[in-house]
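Here the structure is laid out as structure tokens; the discussion comes afterwards.
Just so it is clear, the values below take in all heavy atoms, side chains as well, and ignore hydrogens, waters and symmetry mates.
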Amino acid sequence: MRIFSSQRFLTIYSGLLTLALAVFVSSGFFAWNKPIETFDQINVHRINVVEPDGTLRMVISNHAQLPGIIVRGKEQAFARPQAGMLFYNDEGSENGGLIFGGHRNSEGEVVDSGGSLSFDKYDANQIVQLAGVDDKEDRFAGLIVVDSMKGTDNRRRVWVGRGEDGTATVNRMDANGKKRIVMEVRPDGTPRLSLLDGNGKVISQLPARTKLELRR
């Protein structure tokens, strides 16, 4: 049996080791640098964006597969008549979204028509919302700022938008949700600024109300 010399053995060993290292490094390089796929168009029902540990961070979905309310990774059934995009915080709890929809019902009436972009307070409901709705039940569009408490205690603090009657308004509310300052421009162009007390009574107004309005 022929025995390799020490020098020749080391030469072969080092060559094999170098080859193995090169293969390992190159395979790792290609694994870390996977090519980015480019598509001209894709059709999907739902896309989930997750962290490396699987925590859900965003869902883009059609109406049929839009999830219910997810809190810390656990879903609670909740009917949503829209499609859209839902946002989730680092714990996998819903904290906002962009939803939109609209269709005619069997009687030809427009229902669930509009869209909403909102962001939620941690472990509570939304604190800011940009919304527009125009259907058989509601007609409004505007920006809403809310003091959102835990549970269902939400108190609107700011409204900037247009109401169902076409009046453009800016409302400022106190911590109890009571209107204290109301700025409005009616569809006929009439402007008005009203200051109210904590019970909703007008204490000052520009221009001043007419006698007919005071009797109403």
Side-chain angles (χ1 to χ4, degrees), residues 31-39 41-103 105 110-164 169-180:
W32 296 332
N33 294 271
K34 292 181 179 179
I36 298 175
E37 299 290 346
T38 300
F39 303 93
Q41 180 175 306
I42 60 173
N43 292 329
V44 298
H45 295 161
R46 173 169 162 170
I47 297 174
N48 295 339
V49 178
V50 300
E51 295 288 357
D53 64 359
T55 301
L56 185 64
R57 298 306 305 271
M58 183 169 65
V59 170
I60 304 173
S61 176
N62 61 15
H63 170 212
Q65 297 194 29
L66 196 67
I69 298 174
I70 298 178
V71 178
R72 295 179 178 85
K74 297 182 179 180
E75 183 174 351
Q76 305 170 17
F78 183 75
R80 304 181 197 258
Q82 307 93 356
M85 179 187 305
L86 300 178
F87 312 135
Y88 300 88
N89 64 20
D90 300 77
E91 299 175 352
S93 297
E94 184 177 331
N95 69 341
L98 170 64
I99 55 175
F100 44 87
H103 66 279
N105 61 20
V110 177
V111 296
D112 300 322
S113 178
S116 169
L117 172 64
S118 63
F119 297 95
D120 301 346
K121 180 180 177 180
Y122 176 82
D123 206 20
N125 292 319
Q126 61 194 31
I127 54 177
V128 62
Q129 179 185 23
L130 183 64
V133 176
D134 196 326
D135 58 25
K136 76 181 189 70
E137 294 183 352
D138 297 293
R139 292 186 62 204
F140 67 87
L143 174 68
I144 305 166
V145 177
V146 178
D147 279 345
S148 181
M149 315 298 181
K150 288 188 176 182
T152 59
D153 187 9
N154 301 316
R155 298 168 186 174
R156 185 177 292 189
R157 299 300 305 276
V158 177
W159 160 261
V160 181
R162 173 190 54 77
E164 187 168 358
T169 60
V170 176
N171 297 338
R172 305 292 180 88
M173 283 67 86
D174 60 23
N176 294 316
K178 303 291 186 179
K179 292 181 182 179
R180 303 303 297 270

For Arg172, does the CZ atom sit with more than 12 other heavy atoms under 6.0 Å from it, leaving out its own atoms? no
Test salt bridge (charged side-chain N to carboxylate O under 4.0 Å, His left out) on Asp90 and Arg57; report intermediate values, then the result. CA-CA 7 Å; Asp90 300 77; Arg57 298 306 305 271; 3.6 Å; yes
Could you pull out all residues at least two apart from Gln82 that satisfy side chain to side chain contact (heavy atoms under 4.5 Å, CB included)? Arg80, Ile99
Between OG1 of Thr169 and CH2 of Trp159, what distance do you get to the nearest 0.5 Å? 6.5 Å
Set of residues satisfying side chain to side chain contact (heavy atoms under 4.5 Å, CB included) with respect to Val146, sequence neighbours excluded: Ile144, Asn154
Does Arg180 come within less than 4.0 Å of Asp174, counting only side-chain N to carboxylate O? yes
If every non-hydrogen atom of Pro67 is compared with every non-hydrogen atom of Leu86, which pair is closest and at what distance? CG-CD1, 3.9 Å
Atom CG of Leu143 and atom CG of Leu130: how far apart are they, to the nearest 0.5 Å? 6.0 Å
Atom CG in Leu56, atom CD in Glu94: separation rounded to 0.5 Å? 10.0 Å
So do the side chains of Arg46 and Ile60 get within less than 4.5 Å of each other, counting heavy atoms only? no
Residue list, side chain to side chain contact (heavy atoms under 4.5 Å, CB included) with Ile36, at least two apart or on another chain: none
Decide yes or no for Met85 and Val59: does some side-chain heavy atom of the first lie under 4.5 Å from some side-chain heavy atom of the second? no
So, do Ile70 and Tyr88 sit near enough that their side-chain heavy atoms are less than 4.5 Å apart? yes
Between Lys121 and Ile127, is there a donor-acceptor pair closer than 3.5 Å when you use the side chain of the first and the backbone of the second? no
Taking the side chain as everything from C-beta on, heavy atoms only, tell me whether Met58 gets closer than 4.5 Å to Phe87. yes
Dump the intermediate steps for salt bridge (charged side-chain N to carboxylate O under 4.0 Å, His left out) on Arg155 and Asp147, then the final yes or no. CA-CA 5 Å; Arg155 298 168 186 174; Asp147 279 345; over 6 Å; no
With Ser116, which residues qualify under side chain to side chain donor-acceptor pair (under 3.5 Å), at least two apart? Gln129
Do any N or O atoms from the side chain of Asp135 and from the backbone of Asp112 form a donor-acceptor pair under 3.5 angstrom? yes
Least distance between heavy atoms, Ser61 atom then Ala83 atom: O-CB, 3.5 Å
Taking atom NE2 of His45 as the centre, does the number of heavy atoms from other residues, nucleotides or ligands within less than 6.0 Å exceed 12? no
Any side-chain heavy-atom pair of Asn171 and Val158 under 4.5 Å: no
Is any side-chain heavy atom of Lys136 closer than 4.5 Å to a side-chain heavy atom of Val111? yes
Is there a side-chain contact between Asp123 and Ser93 (heavy atoms, below 4.5 Å)? no
Partner set under salt bridge (charged side-chain N to carboxylate O under 4.0 Å, His left out) for Asp53, not counting sequence neighbours: none
Output yes when a side-chain donor or acceptor of Ser113 lies under 3.5 Å from a complementary backbone atom of Gly102, and no otherwise. no
Please tell me if the side chains of Asn125 and Asp120 come closer than 4.5 Å, counting only heavy atoms from C-beta onward. no
Using the side-chain hydrogen bond (donor to acceptor under 3.5 Å, both in side chains) rule, collect all pairs that involve residues 63-76, keeping only residues at least two apart or in two chains. Arg72-Tyr122
Main chain of Lys178, side chain of Asn176: is a donor-acceptor contact present, judged purely on distance under 3.5 Å? no
